[in-house]
Amino acid sequence: MATAARLPKPSNIPTDGLMSLDSVRMKLAVVWLTGGGLVLVILVIQSLLSAYGTLTQEAWGWFLPTLMPTLGMIVTVLTYTALDPLASGSVVRRSFFGIALFLSILYLLLVSLTILIQPFATSSPEQRIGLMRTSNLWLGPVQGLVASSLGVLFVSKQKKES
Amino acid sequence: MRPSINPSGWSATAHHLCPRNNRLRMPLRLKTRLHIAALFLLLFAQVSCSKSSRPGSQTQASNQSAQKEPAAADSTKQAPDSARKPAEPTPYPGSAEPPPPAPVSPSGEPPPTNGAAPKAGAAPPPQEVLPRFPWPPPIPSARLSVPLNANSNNPTFGNLSFILDAALRKTGYFEKSYFSVPGGIAIVTKMERIYQDGTPVPVGRWSVEQPTLPRLSLSEYLRALFTASPGYYRMIVFVVTDKPFGATNETISASTANQWLADGFNILPEDILLKPLPPHFAFTALVYEFRREPGGKPYELEPSDLDARTHLTRCGLWAALHLQ
């Protein structure tokens, strides 16, 4: 008991260069849900107004594997940690959070750009789908980097004290 | 006795297996000679066939097949064969006999053939006979008899063509084709892209593809982002003839209509230019309008949402022809 008394008490206040894992997850979740939700709403409106004609299914076939795995992981982890009181003690390096945030914003911008540039670059539903398929060339590698960084942040449970 | 097989492949019966061995060699030599003779015969037949065939026959056949390919590839609408191949002669209404193989002149007379009365040593005259327009024409989206005045005491097809040509150029139609129809001619304009109200689009008027953002504004951008509006296209055919005519029940595809521009003549031949117009000629505008759904192929609107006069007014031809 005496040994336990000498140990420093766990503190939730992050030290310099460290951030609370909860706050990191929450910030990244806000970024992803906002960006993904925006693209989702645009795609829903486009589908309702037949912007893709008979190729609506192909458009969703591009969108779902582009955003849903990451969004699903974020929401699942947030839901799980909401019931786990121990998760609040974990910390993350601020620099790593910066990298993860940068990669996330970059990826969401590239996804949004693929849809928002359609009026300038395409004139038919076939061309829109073609543009989406072409974007997989650069979205694939960036998605790999994003998934790696977010996977560490949303799966890590290492606490500051340990 | 059951026949045995020798190494040469021949069946050796008891008769062949007699002590004289050359019995087997004789048929073999005979067969070899027969094979060589047959090969020579085949070679001779091939060489004689290639010499007797005409040098241009293969080219003509390939040209015909090339003309049929686009029509066969087009599957939007079931158009008649006469509409798909306008250069080929089509039966005229009321004619009991099948039509002649060559096109006819506006007067309805058969054209002179090269073999009719060729002069010795003289080159054959150039064939200046207009290709036929499909007759009766495929059903148009809209039709109107235009009250056009030829502005001359002795109007000719050339006068009328000059008036129409000036109006077409004034309104931006620089490409057109001439065809012959019974008792007159037909002028086909190039297919243009229009708005739903019949006004030609300012950008990409002659492009079959949908244009990208025409002008940079927020409303246009949002409209282009969230919707894919159908495309509307129009082709106008002017028919000058004194013969009454109707239309077939078949619509045409956009590719067939586009092919008309390529099949017709670029100018009127001189003999037709100087030919006087029939006294009671009619100047009829046939409007073929097409609609293209997003992601689909264009198809003819039959009937059009607009009447022919509105089409001519919106494209500017009504004013350019000084019509009232």
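The sequence lines fix the lettering, A, B, ..., with proteins before strands; numbering per chain opens at 1. Computation of the quantities below employed the complete heavy-atom set of this structure, encompassing side-chain atoms and omitting hydrogens, waters and symmetry-equivalent molecules.
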Visitor: Are there over 12 heavy-atom neighbours, none belonging to B:Asp197, within less than 6.0 Å of that residue's CG?
Guide: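 Count over threshold, so yes.
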Visitor: Are the side chain of A:Gln46 and the backbone N or O of B:Thr227 linked by a donor-acceptor pair below 3.5 Å?
Guide: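 Not confirmed, A:Gln46 side chain does not pair with B:Thr227 backbone.
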Visitor: Working to the nearest 0.5 angstrom, can you tell me the gap between B:Leu225 CG and A:Ile117 CD1?
Guide: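 Rounded to the nearest 0.5 Å, the CG-CD1 separation comes out at 11.5 Å.
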Visitor: Taking the side chain as every heavy atom from C-beta outward, state whether A:Leu48 and B:Phe226 have any pair of such atoms under 4.5 Å apart.
Guide: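 SC-SC contact between A:Leu48 and B:Phe226 ruled out.
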Visitor: Can a donor-acceptor pair be found, under 3.5 Å and without considering hydrogens, that links the side chain of B:Tyr221 to the backbone of A:Leu116?
Guide: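 Answer holds: yes.
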Visitor: Should we say atom CZ of A:Phe102 is surrounded by more than 12 heavy atoms from elsewhere, each under 6.0 Å from it?
Guide: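 At most 12 heavy atoms, drawn from other residues, nucleotides or ligands, come within 6.0 Å of this atom.
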Visitor: A:Leu43 versus chain B, heavy atoms under 4.5 Å apart: side chain, backbone, both or neither?
Guide: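 Looking at A:Leu43, nothing touches chain B.
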Visitor: Would you say CZ of B:Phe162 has more than 12 non-hydrogen atoms from neighbouring residues, nucleotides or ligands within 6.0 angstrom?
Guide: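 12 or below, so no.
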Visitor: Looking at A:Ile45, A:Ile129, A:Ile115, which makes the most heavy-atom pairs under 4.5 Å with chain B?
Guide: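 With the most close heavy-atom pairs to chain B, the winner is A:Ile45.
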